[in-house]
Amino acid sequence: MSTRAQQYDAQVLSRTQLSAHLVRLVLGGPGLAGFTSTGIPDEWVGLVVPGQFQSRYYTVRSWDGAELVLDVVVHDVGLVTEWAALDCTGDTVTITEAKGSFALPPEAGWLLLVGDLTALPAIARITETVDLTTWVLLEAADRPPDYLPTGPHVTWLTPPGDGQSRLADVVDDLDWPAGDGYFWMAGESAQMRAIRKHLMRERRLPSTAYDVMGYWRGVAQRQPRAVDPGPIYRAGKAAGKTDEQIWAEYDDARTPE
Ligand SMILES: Cc1cc2nc3c(=O)[nH]c(=O)nc-3n(C[C@H](O)[C@H](O)[C@H](O)COP(=O)(O)OP(=O)(O)OC[C@H]3O[C@@H](n4cnc5c(N)ncnc54)[C@H](O)[C@@H]3O)c2cc1C
């Protein structure tokens, strides 16, 4: 079985500032002709920007068959950050085929979605797609206006500063809704590992009841290895592993010895 991801060239058709740190890029052009959406609401693509060979991963905010929308957070520093911070309209980028992870169990009666600004695009797509009572907890200083639909109960938390996150503590102290539901979360990788352990060992949730993804790594640790999640994801799926097992393997592969 091939583990090579399909790649597509695309042009940046427009760049719009949605809030202080969130930039909307609309990609298009003939190179996207064969691109298809998985329909999974947290689906992502790898993005390689001009002059670089490493990818970074971005949620497909929307795909209408011709235009692919990515909402990119501009951090203090970073490979995509430094490119997206300036006017990149007209540039050619490479994206990989879309993959998704969100897997709502049929018995779920509610949704609980937690994340930082980088998770906002996926949270928005999930809330637009899934018709269940939904709670959203967002740790972000930027609050792009009218970004989320009006249905979900949304709580905005102020980040502690210095690029840190307190989301692991927030999840430890959560008031969980009654009955069966689905918990989806994305944020800093070391915290996500701690949260997976908490959900497994203390809350004793079955792995099908949650999806916790490491979206980025904080600077306090040594730099992660650059690991493409695509081959790990495909090999894991081929081996019949759950998304939780696959994401845990991805985090382990990125952690320096
Ligand atoms: C499946 C998936 C989907 C994702 N979807 C999106 C998306 O839709 N939009 C989006 O903006 N990001 C998304 N991300 C996260 C994004 O890939 C990372 O934030 C990435 O590190 C940004 O790349 P960069 O080149 O700008 O910075 P990098 O060169 O990777 O990192 C530079 C510095 O920025 C810091 N940094 C990176 N992310 C954060 C953060 N969230 N908060 C604070 N500091 C940070 C790093 O620790 C590092 O010090 C997704 C990640 C995954 C795995």
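All figures in this text were calculated on a predicted structure; none of them were measured in a lab. For ligands, and for the atoms within them, numbers begin at 1 and follow the listed sequence.
At a 4.0 Å heavy-atom cut-off, ligand 1 does not touch R61 at all. Residue Y57 touches ligand 1 through backbone and side chain together, judged by heavy-atom distances below 4.0 Å. Counting heavy atoms closer than 4.0 Å to ligand 1, residue W216 contributes side-chain atoms (C-beta onward) but none from N, CA, C or O. With a heavy-atom cut-off of 4.0 Å, D71 touches ligand 1 through its backbone alone. Contact annotation for V72 and ligand 1: only backbone heavy atoms (N, CA, C, O) come within less than 4.0 Å of the ligand.
Residue R217 has at least one heavy-atom neighbour below 4.0 Å for each of these atoms of ligand 1: 46 (C), 47 (O). Taking every heavy atom of V77 and a limit of under 4.0 angstrom, the matching atoms of ligand 1 come to 32 (C), 33 (C), 34 (O). Close contacts between ligand 1 and P121 involve ligand atoms 8 (O) [criterion: under 4.0 Å to a heavy atom]. Counting atoms of ligand 1 from 1 in the listed order, those under 4.0 Å from a heavy atom of D116 are 41 (N).
Classification of E43 and R61 as a salt-bridged pair fails, no side-chain N sitting under 4.0 Å from a carboxylate O. We find that E202 and K197 are not joined by a salt bridge, their nearest charged nitrogen and carboxylate oxygen being 4.0 Å or further apart.
Side chain to side chain, Q7 and T94 fail the donor-acceptor criterion of an N or O pair below 3.5 Å. Between the side chains of Q191 and R193, not a single donor N or O lies within less than 3.5 Å of an accepting N or O. A donor-acceptor contact closer than 3.5 angstrom links the side chains of D71 and Y147. Looking at T134 and W110, their side chains never bring a donor and an acceptor atom within 3.5 Å of each other.
Proximity of M213 to ligand 1 is not established, as no heavy-atom distance is less than 4.0 Å.
In terms of polar-atom proximity, G78 is not counted as a contact of ligand 1, lacking any N or O under 3.5 Å from an N or O of the ligand. Checked by distance only, ligand 1 and W44 stay at 3.5 Å or farther apart across all their nitrogen or oxygen atoms.
Heavy-atom proximity to atom 12 (N) of ligand 1, evaluated over V23, V49, T118, is greatest for T118. Among Y215, W83, Y233, W247, the residue whose heavy atom sits closest to atom 52 (C) of ligand 1 is Y215.
Residues W176 and Y182 are members of separate hydrophobic clusters, defined by side-chain heavy-atom contacts under 4.5 angstrom among Ile, Leu, Val, Met, Phe, Trp and Tyr. V72 and V12 fall within the same hydrophobic cluster, where Ile, Leu, Val, Met, Phe, Trp and Tyr residues are linked whenever their side-chain heavy atoms come under 4.5 Å apart, directly or through other members.
Ring centers of F35 and W63: under 6.0 Å apart, within the cut-off.
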